[in-house]
Each structure stands twice: as structure tokens, then as C-alpha cells.
2 protein chains.
Amino acid sequence: MRVDAQRNREQVLAAAQQLFADRGTSVPVDEIARAAGVGVGTVHRHFLTKDDLVDAALIASCEPIFGLLETAAADPDAGHALEQLLLELTEHQSRHRGLAERMRETDDLSPAVVEVKQQIAAGLRAVVARAQATGQVRADVVPTDLRLLFAGLATAATATGQSCSTEERLRFVRILLDGLRTPDPSPLPPLPAPPTAPAPNS
Amino acid sequence: MRVDAQRNREQVLAAAQQLFADRGTSVPVDEIARAAGVGVGTVHRHFLTKDDLVDAALIASCEPIFGLLETAAADPDAGHALEQLLLELTEHQSRHRGLAERMRETDDLSPAVVEVKQQIAAGLRAVVARAQATGQVRADVVPTDLRLLFAGLATAATATGQSCSTEERLRFVRILLDGLRTPDPSPLPPLPAPPTAPAPNS
DNA sequence: GTATAAACGGAACCGCTGTTCCGTTTTCAT
DNA sequence: ATGAAAACGGAACAGCGGTTCCGTTTATAC
């Protein structure tokens with residue numbers, strides 16, 4: 001690949017990440033092209049369709065999350081690991097609006113995004129399982145519950161836009177965490193038997 | 001006002017409520033007109049702009065919520081009232097996708113919508129305060145926290161689309177509730193002093 | 001029954017955004 | 001240095017959705 005093509009591709013991806021993070025995935029392609037210092041044609045040669053660009057940018061923005069997951073996995077205190085992980089995930093998503101938007105959805109996702117989501121879900125699941133083993137998280141929480149929990153975090157991260165301070169977000173996460181670790185939990189309604197598909201991810 | 005005009009207005013509003021509830025506020029005006037059995041021109045005579053129609057439809061869909069708030073206020077057991085209220089709010093929003101979308105946002109809302117949101121917030125606040133007085137909800141939760149809590153509920157109600165069963169939603173709400181009523185809560189980070197505006201609602 | 005004003009329908013319009021296309025420019029192997 | 005192939009820019013195109021406009025229809029007062 002020609003060196004200028006390589007450079008342009010990177011600039012487009014970087015501009016897209018920045019703009020999607022700040023303003024969500026609805027920013028027009030033209031604007032991304034301008035920010036990257038290229039023409040719209042160039043954007044479309046590297047990313048066939050806007051969806052492709054969105055996928056690539058969001059997946060790239062997930063990169064740091066894997067670091068967080070590793071740190072959590074290495075923490076000897078499972079409860080502390082979970083707490084830190086949820087706080088940091090929320091913080092990360094609050095800085096990546098477009099990412100948080102997609103994390104809330106489960107439909108119409110490209111295979112690549114599903115793949116990344118499942119990896120993150122698996123990492124989170126492992127931390128929760130460890131915390132359950134040590135009694136730091138109530139036993140009746142199942143992996144499926146984590147999906148909504150994650151979506152709720154994404155909301156906390158972005159939902160109320162600029163008018164929501166970091167402190168407010170942290171308070172919400174702590175309340176959620178307390179719900180997870182409460183010693184005398186209220187009974188959770190039983191899950192229905194998974195209809196046909198075996199409820200793959202969280 | 002002519003009788004047919006009155007009837008058409010109601011049909012448009014009903015169709016809009018139905019479609020917004022099912023598929024969010026992004027359904028085209030043309031489609032609403034067709035569902036109502038009128039032309040697009042008629043829609044725009046009754047509702048100057050699409051935003052007006054959205055506001056009117058969503059506010060109309062909030063009507064049942066006030067009933068829920070009254071029931072909660074009348075319940076002698078404050079804890080039970082809160083629990084029921086949150087469950088029913090979530091259930092209601094899960095059946096009104098467009099409504100839940102707006103409930104997550106705080107920016108760019110019309111005065112009328114802000115008004116309704118504040119009324120609902122006030123009702124919820126009262127129930128929480130009562131449950132705090134009886135010790136059924138931790139004391140360190142403040143009205144401001146309810147805003148994110150409400151947004152989180154809205155997410156639980158819709159976020160994961162059809163692939164999320166009622167039971168899963170209820171489990172999430174229960175976990176949140178447990179976080180609110182945990183007897184040994186983790187300390188919540190202090191809120192920053194409200195910058196200038198006195199944080200009007202939740 | 002008729003006149004008048006109000007309401008109606010839907011084609012046409014407009015702006016916005018993703019995508020395509022092609023003449024021009026840039027890279028790089030020779 | 002030079003030519004072919006690759007990449008580029010941005011104007012033009014296409015589709016979608018909100019809004020407008022006007023000829024036609026319908027309700028209502030007299």
C-alpha cells in the first residue's frame with residue numbers, strides 16, 4: 001500500500017474517532033473528511049460505507065477497554081476489581097459518546113462489533129464470577145443480567161449529556177454496585193427458559 | 001372548530017402515539033398521516049412542525065404515569081410504593097419506546113416536555129423521600145441522583161430492544177432497588193456545589 | 001339549497017447526507 | 001527522468017424526510 005494512502009487512512013480513522021466520541025455517530029461524512037484534511041472520495045475508498053467507518057472507529061475506541069479488563073483480572077481482590085472496572089468503563093464511555101450509543105443496542109450490529117462486545121462481556125463476566133465466588137457479589141446474579149447492567153452504565157455515561165457531572169455518574173455506579181453486593185437481596189424473578197437461541201452474550 | 005377537524009386531530013395524535021411507542025420518534029410524518037387516514041398537509045395544519053407532534057404525542061403518553069404516581073402516594077408502605085412505582089414506570093416505558101428515548105435526554109427539550117418531566121420527577125422524589133423517612137431507602141441518596149436512576153430505568157425499558165424479556169428488565173430494576181435500600185451502603189462521592197443554576201429537577 | 005369559509009390531500013419543493021464518478025495529482029518502480 | 005498505476009478531491013447524483021402550497025372537497029350558517 002502506498003505510503004500516502006496509509007497515512008490518509010489513519011488520519012480519517014483518527015478524525016472519525018474524535019468526532020464520534022464528541023458528538024455521536026451522526027456527524028456527516030463530509031465533516032470527518034474535512035477534519036482529516038481529505039476529500040469525501042478518499043474516505044469512501046478506505047471505508048466502503050459510512051457504517052464501515054463507524055464500526056472501525058468504535059472498535060478502535062474499544063482498545064483501552066481490554067487494558068482495563070486485564071488489570072481487573074490481575075487484581076487479587078475480586079470485589080475491588082469489579083468496582084474499579086465498572087467505574088472505569090463508565091468513565092471511558094462518558095468520553096466516547098458514539099461508543100456508548102452502540103453499546104446500548106443489540107440489533108443490527110456488524111459481526112465485528114458483536115465480536116468485540118462479546119469479548120468485553122466475557123471479561124466482565126469473569127470478574128463478576130470471581131467476585132461471586134468470594135461472596136462479594138450476590139449469588140443470584142447471572143451473566144444475562146450483565147447485559148442490562150452494561151446498558152445502564154452506558155446511559156449513566158452519556159444519557160444526560162453535558163449537564164451531568166462526573167460525580168453524579170460515580171454516585172449512580174456506586175448505587176448499582178451496592179445493588180450487586182447487597183447481603184440480603186430481594187428475590188429476583190426467575191428467567192424464562194431461553195426460547196430457542198441459547199442467549200449467547202451479556 | 002369544525003367537527004371533522006377535531007376528529008382528524010385526534011386520529012393523527014392517536015396514530016402518532018402508537019407509532020412512536022412501537023418504533024421511536026423517527027417514523028416519518030408521511031407514515032403517521034397514512035396510519036391516521038389523512039394527508040400530510042392535514043398533519044401539519046394541526047401540528048405546525050414534526051417536533052410539535054412528537055411533543056404532543058409523548059405528553060399524551062405520559063398521562064397514565066400520573067395515575068401511577070397517585071397510587072404510590074396513597075400507598076401506606078413507602079418502600080412498597082417505591083418498588084411498585086419503579087417497576088411500573090419501567091414497564092410503561094418499555095411499551096413506549098419514543099417516550100423512553102426522550103426521558104433519557106435533558107437537552108433541547110421543549111418547555112412543555114420539561115414541565116411534564118418535572119412533575120413526574122417531583123412525584124418520584126416525594127415517594128423516595130417518604131421511603132427515606134421510614135429507613136427503607138438509604139439516607140445518602142439525594143434528588144439529583146434520581147435523574148440518572150430514571151435514565152437508567154428508561155434504558156432498561158428499551159435499550160436492548162425485542163431481545164430483552166420482561167423478566168430480565170424486572171431483575172435489573174430489583175438490583176437497582178437493592179442498591180437503593182442496602183443497609184451498609186458504600187459511601188457516595190460528594191456532589192460538587194451546583195455551579196450557578198440550582199439543579200432544578202431530577 | 002346555496003354561499004362561504006374552513007379543512008383537506010398530496011404533489012412539488014427543499015435541504016441534508018451518503019455515495020459515485022471522473023479528471024487530476026502523487027507515488028514509485030524502472 | 002518517466003510512465004503506469006494508484007490515490008486523490010470534490011462536484012454531481014440520489015434518496016429520504018420535513019414543509020409548503022394550492023386546487024378541491026366538506027361542513028356549516030343562512
Side-chain angles (χ1 to χ4, degrees), chain A residues 1-59 97-98 101-102 105 107-110 112-113, chain B residues 1-59 97-98 101-102 105 107-110 112-113:
Chain A
M1 173 181 280
R2 259 167 60 170
V3 54
D4 57 341
Q6 174 71 27
R7 201 198 51 221
N8 277 333
R9 184 192 172 86
E10 282 162 11
Q11 281 175 347
V12 168
L13 196 60
Q17 279 188 251
Q18 176 75 47
L19 287 170
F20 290 158
D22 290 348
R23 295 167 39 202
T25 56
S26 62
V27 288
V29 174
D30 314 42
E31 205 168 334
I32 293 166
R34 213 176 319 128
V38 304
V40 277
T42 301
V43 174
H44 275 90
R45 195 162 325 92
H46 290 293
F47 305 93
L48 271 307
T49 170
K50 181 179 175 180
D51 275 346
D52 290 342
L53 175 58
V54 171
D55 282 352
L58 296 194
I59 288 174
R97 183 168 154 181
E101 282 170 7
R102 287 256 158 147
E105 287 158 24
D107 306 330
D108 301 331
L109 296 180
S110 74
V113 170
Chain B
M1 173 183 278
R2 256 168 61 171
V3 55
D4 58 340
Q6 174 71 27
R7 201 198 51 220
N8 277 333
R9 185 194 172 85
E10 282 161 12
Q11 281 175 347
V12 168
L13 196 61
Q17 282 192 72
Q18 177 73 47
L19 287 171
F20 290 157
D22 290 347
R23 294 167 39 202
T25 56
S26 62
V27 288
V29 173
D30 314 41
E31 206 167 333
I32 293 165
R34 211 175 322 128
V38 303
V40 277
T42 301
V43 174
H44 275 91
R45 193 161 328 94
H46 290 293
F47 305 94
L48 271 308
T49 169
K50 180 179 176 180
D51 275 345
D52 291 341
L53 175 57
V54 170
D55 282 352
L58 296 194
I59 288 175
R97 182 167 156 183
E101 283 169 6
R102 286 256 158 145
E105 288 158 24
D107 307 329
D108 302 329
L109 296 180
S110 75
V113 170

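Only a predicted model underlies this, so the values are computations on that prediction, with no experimental measurement involved. All chains are named by letter (A, B, ...) in the order of the sequence lines, taking the proteins before the strands, and each is independently numbered beginning at 1.
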Fill in the blank from the handout: Taking C/dG18, D/dG18, D/dT20 as options, the one with an atom nearest any side-chain atom of B/Val40 is D/dT20

Problem - Distance below 4.0 Å between A/Thr49 side-chain N/O and C/dT19 OP1 or OP2 - result: yes

Problem - 4.5 Å side-chain heavy-atom contact, B/Val29 and B/His44 - result: yes

Exercise for the section: Grab the NZ-P distance between A/Lys50 and C/dG18 for me, whole Å please. Expected result: 4 Å

Handout entry: A/Met1 side chain, from C-beta outward: closest of D/dA7, C/dT20, C/dC28
Key = D/dA7

Handout entry: Close side-chain approach of B/Phe47 and B/Leu13, heavy atoms under 4.5 Å
Key = yes

Exercise for the section: Kindly point out which of D/dG18, C/dG18, D/dC8 is positioned nearest to the side chain of A/Asp30? Expected result: C/dG18

Handout entry: Whole angstrom value for the distance that separates C1' of D/dA6 from CZ of A/Arg45
Key = 9 Å

Practice task
Whole angstrom is fine here: how far is it from CG in A/Leu48 over to P in C/dC21?
Solution key: 13 Å

Practice task
Go through the N and O atoms of the side chain of A/Arg2 and the base of C/dT26, and report whether any donor-acceptor pair is under 3.5 Å.
Solution key: yes

Exercise for the section: Please check the phosphate of D/dA7 (OP1 and OP2 only) for any side-chain N or O of A/Thr42 closer than 4.0 Å. Expected result: no

Exercise for the section: Compare the minimum distances between each of C/dT27, D/dC8, D/dG18 and the side chain of A/Ala5, then state the nucleotide with the smallest one. Expected result: D/dC8

Problem - Straight-line distance of B/Gln6 CD to B/Glu10 CD, nearest 0.5 Å - result: 4.5 Å

Exercise for the section: For residues B/Leu58 and B/Thr25, determine if any side-chain heavy atom of one lies less than 4.5 Å from a side-chain heavy atom of the other. Expected result: yes

Practice task
For B/Glu31 and D/dC16, give me the distance from atom CD to atom P, rounded to whole Å.
Solution key: 13 Å

Exercise for the section: Provide, to the nearest angstrom, the distance between the CG atom belonging to B/Asp52 and the C1' atom belonging to D/dT19. Expected result: 13 Å

Problem - Whole-Å distance separating the CG atom of B/Asp51 from the C1' atom of D/dT19 - result: 13 Å

Fill in the blank from the handout: Ranking C/dG18, C/dC8, D/dG18 by distance to the side chain of B/Asn8, first place goes to C/dC8

Fill in the blank from the handout: Among D/dG9, D/dT28, D/dT19, the one nearest any side-chain atom of A/Val38 is D/dG9

Problem - Spacing between A/Arg34 atom CZ and C/dT17 atom P, to the nearest angstrom - result: 11 Å

Handout entry: Whole-Å gap separating P (C/dA7) and CD (B/Gln6)
Key = 11 Å

Practice task
Establish, with yes or no, whether the OP1 or OP2 oxygen of C/dC8 is under 4.0 angstrom from a side-chain nitrogen or oxygen of B/His46.
Solution key: yes

Handout entry: Residue closer to the 5' end of DNA chain C, B/Gly41 versus A/Val27 (nearest nucleotide)
Key = B/Gly41

Problem - Pairwise 5' ranking along DNA chain D for B/Ser26 and A/Gly39, keeping only the more 5' one - result: A/Gly39

Handout entry: For B/Ser110, the option from B/Asp52, B/Asp51, B/Asp55 that meets side chain to side chain donor-acceptor pair (under 3.5 Å)
Key = B/Asp55

